Amino acid sequence: MKAILAKIPRRRSVGLHIGDREIALSRIAFTPLGPVEVDRQVEERTSGSPAPIIQRLLEPLRTSQGWRRAPIAVGMPGLGVFFSTRPVQLQRNAEDQSPQVLLHEILQSANLNIDHMQVDALRWQPGRRPLASVAACRKKALGPILEALEDCEIRPYQIEPAPCALLRAAVERFRTPRRCPTVLRVFLGREHALAVMTADDLPLMWRYFPIEPGSEGKAILSTYRFISNSFRVYGADTPPAALLIHGRPDLESLTDPGIWSGVPIRVLRHDAPAYDSGEIAAGLAMGCLPHLPTFNLARELRPPEPIFSLLPWGQMAVQASVLALATMLMIEHRRSLDREFIAVRAEQGQYPWLQSLDLPKLRQERDDLMQRTSSIERYLSTRILWTECNREIASLLPEGMVVTKMDGQATYEVVGGKGRRSAPKRSLTLAIDAPIPAGGAVSPEVEVLIESLRESPLLQKTLPDVGMAGLRWGAGGQSRIPTASFVIHCQPGSPPSKSSREASP
């Protein structure tokens with residue numbers, strides 16, 4: 001899919017790395033799925049001027065309709081660039097934060113002539129402290145490269161250090177592990193290696209070191225220990241939390257877990273990108289985007305951005321898609337409302353007498369019906385059906401017990417009126433006679449009756465507070481059978497707790 005989209009990219013760019021031994025060119029096409037490398041060419045550099053090789057590499061691009069206006073990023077060899085990262089203060093004036101002043105403070109040399117240096121700086125804050133990264137090179141070292149580009153009629157989009165481009169190519173392929181604020185990436189080459197400590201995928205420092213056959217692991221461990229012991233010098237808050245090794249898949253000894261047994265952090269092995277001119281050229285081309293924070297040692301030579309390249313095409317496409325989807329949903333909603341309106345009109349056509357009524361009369365009739373309905377609903381929700389209460393008590397009354405008196409009271413609640421409305425007064429009093437069994441104790445069915453009344457759904461809804469009082473003993477009737485008389489009171493309120501039920505007589 002990327003190969004198909006690379007034929008119609010939204011942006012093209014070219015990376016050109018002019019190294020000490022090789023000159024590499026890479027063409028990158030930016031697609032919605034990410035950058036795609038279209039072509040890569042690497043040629044050995046002779047002792048003379050690099051202009052003929054650069055002209056030979058760029059000649060096919062001049063005749064191409066799609067690539068002749070593509071921005072070109074040029075890579076400066078890392079050994080010829082001074083780079084350092086230091087904490088800075090945000091309260092400083094804009095003049096004191098210029099790249100030249102920052103470079104002078106870092107080097108702290110009275111003999112340094114800033115006019116002979118090409119300087120650029122990046123300000124960022126990966127942790128608690130704001131940092132400033134400064135990259136500089138002598139204009140004498142940059143002059144031959146600019147002259148070679150001028151001979152080829154090339155105006156560079158940006159000139160940045162080669163380690164920054166190699167780091168960008170690695171981050172594009174292999175993302176930084178999560179929860180790793182600081183990472184050490186090691187890029188292996190044929191004879192040398194490059195170690196870059198990063199925070200938020202931006203370089204804090206880089207260091208070159210040689211590698212000898214058979215001792216690659218020891219060289220990497222030595223460099224890791226040196227950087228982890230001096231991480232604060234480079235502005236980092238924490239030591240590296242992960243070690244990522246890129247390149248040289250032929251070194252199978254580096255995959256042995258025993259080599260990294262003394263490393264207390266995560267160690268990841270990736271086959272690419274290696275410390276190679278072609279990989280650096282690809283990273284240079286990936287950095288030709290106006291919104292990326294990159295160093296540019298020839299910022300005054302950057303051509304102006306076309307107006308169409310400054311437009312956020314991706315954001316505009318997303319917003320247009322959302323707007324189209326919302327429009328379709330609104331159209332469908334209106335169609336459903338139209339269908340419902342047609343159905344209502346068809347239903348109204350079945351009642352011809354509605355045509356003679358105007359809208360104010362219908363609204364008045366609706367308000368009257370709603371008021372009547374609310375009054376009836378309020379009356380039904382506040383009244384007590386004593387007949388149902390009598391049936392409920394009769395069904396729960398044990399055999400032998402007699403209800404001698406029943407008194408139910410409920411005040412009528414007036415609907416409407418002003419002021420605070422108090423709760424209606426309700427009560428139900430039952431006088432019951434229960435026979436006393438032989439032995440003189442109160443019948444246990446009395447407690448069963450009280451519990452049954454308390455658990456009755458009807459009484460819980462209307463009169464949930466059930467209690468007993470006025471327990472008396474005596475003989476009633478002509479048979480003179482011993483009986484216990486007691487009174488049960490049912491009142492509105494919350495049902496009594498379990499402890500109060502056990503404490504009641």
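The structure displayed is predicted, hence computed values, not measured ones.
Classification of Arg299 and Glu160 as a salt-bridged pair fails, no side-chain N sitting under 4.0 Å from a carboxylate O. Glu451 and Arg454 are joined by a salt bridge, as a carboxylate oxygen and a charged side-chain nitrogen come within less than 4.0 angstrom of each other. Residues Glu340 and Arg335 are not paired through a salt bridge, judged by the lack of any N-O separation under 4.0 Å between the basic side chain and the carboxylate.
Counting non-hydrogen atoms of other residues, nucleotides and ligands closer than 6.0 Å to CZ of Arg129 gives a total above 12. Counting heavy atoms of neighbouring residues, nucleotides and ligands inside a 6.0 Å radius, atom CZ of Arg391 does not exceed 12 of them. For Glu399, the CD atom counts as loosely surrounded, since its 6.0 Å shell holds 12 or fewer non-hydrogen atoms of other residues, nucleotides or ligands.
Atom CZ of residue Phe30 and atom CZ of residue Arg11 lie 7.0 Å apart, to the nearest 0.5 angstrom. Rounding to the nearest 0.5 Å gives a distance of 6.5 Å between CG of Leu204 and OG of Ser133. In this structure, Ile393 CD1 and Ser452 OG are separated by 12.0 Å, a value rounded to the nearest 0.5 Å. Here the CE atom belonging to Met197 is positioned 12.5 Å from the CG atom belonging to Leu243, to the nearest 0.5 angstrom. If you take CD on Gln364 and CG on Leu362, they are separated by 11.0 Å, rounding to the nearest 0.5 Å. For the atom pair CG of Leu167 and CD of Glu172, the computed distance is 11.5 Å after rounding to the nearest 0.5 Å.
No donor-acceptor distance shorter than 3.5 angstrom exists from the side chain of Ser261 to the backbone of Pro257, with no hydrogens or angles considered. Put simply, the side chain of Glu445 never gets that close to the backbone of Gly400: no donor and acceptor are under 3.5 Å apart. Formation of a donor-acceptor pair under 3.5 Å by the Arg27 side chain with backbone atoms of Trp67 is not found in this model. Within the 3.5 Å criterion, the main-chain N or O of Ala135 finds no donor-acceptor partner in the side chain of Asp120. Not one N or O on the side chain of His246 forms a donor-acceptor pair closer than 3.5 Å with the backbone of Val186. Side chain of Asp271 to backbone of Pro249: no donor-acceptor contact under 3.5 angstrom is found. Judged by distance alone, with hydrogens and angles left aside, the side-chain atoms of Asp200 form no donor-acceptor pair with the main-chain N or O of Leu202 at under 3.5 Å. Checked by atom type and distance alone, the side chain of Thr182 never pairs as donor or acceptor with a backbone atom of Pro240 at under 3.5 Å. In this structure a side-chain-to-backbone donor-acceptor pair under 3.5 Å is present from Gln125 to Arg128. Using a distance-only test at 3.5 Å, with no hydrogens or angles considered, a donor-acceptor pair links the side chain of Arg155 to the main chain of Leu301.
In this structure, Leu284 and His17 have side chains that are in contact, with non-hydrogen atoms separated by less than 4.5 Å. Taking 4.5 Å as the limit, some side-chain heavy atom of Ile432 sits within range of a side-chain heavy atom of Leu397. You'll find the side chain of Leu430 stays beyond 4.5 Å of the side chain of Val487, heavy atoms only. Taking 4.5 Å as the limit, every side-chain heavy atom of Asp407 sits out of range of all side-chain heavy atoms of Leu428.
Taking all atoms of both residues into account, the shortest heavy-atom contact from Thr85 to Pro203 is OG1-O, 3.9 Å. Between Leu449 and Pro398, the shortest heavy-atom contact is CD1-CD, 3.9 Å. In plain terms, the two heavy atoms of Trp386 and Ala410 that are nearest each other are CZ2-CB, 4.0 Å. Of all heavy-atom pairs between Pro161 and Phe295, the closest is CD-CB, 3.9 Å. Between Ala73 and Cys288, the shortest heavy-atom contact is CB-SG, 3.4 Å. Closest non-hydrogen pair, Pro99 versus Val134, comes out as O-CG1, 4.4 Å.
Between the side chains of Arg168 and Thr294, no donor-acceptor pair of N or O atoms lies under 3.5 Å. Arg302 and Gln158 form a side-chain donor-acceptor contact under 3.5 Å, judged by distance and modelled atom types alone. For the residue pair Asp433/Thr404, the side-chain donor-acceptor check at 3.5 Å is not satisfied. With hydrogens and angles left out, the side-chain atoms of Ser427 and Gln491 include no donor and acceptor closer than 3.5 Å. Checked by atom type, the side-chain pair Ser84/Arg86 shows a donor-acceptor distance below 3.5 Å.
Between Arg185 and the choices Asp201, Thr198, Thr176, the side chain to side chain donor-acceptor pair (under 3.5 Å) rule is met once, by Thr176.
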Apply salt bridge (Lys or Arg N to Asp or Glu O under 4.0 Å) to residues Arg339 and Glu332 and explain how you reach the verdict.
CA-CA 11 Å; Arg339 290 192 293 267; Glu332 183 62 26; 3.7 Å; yes

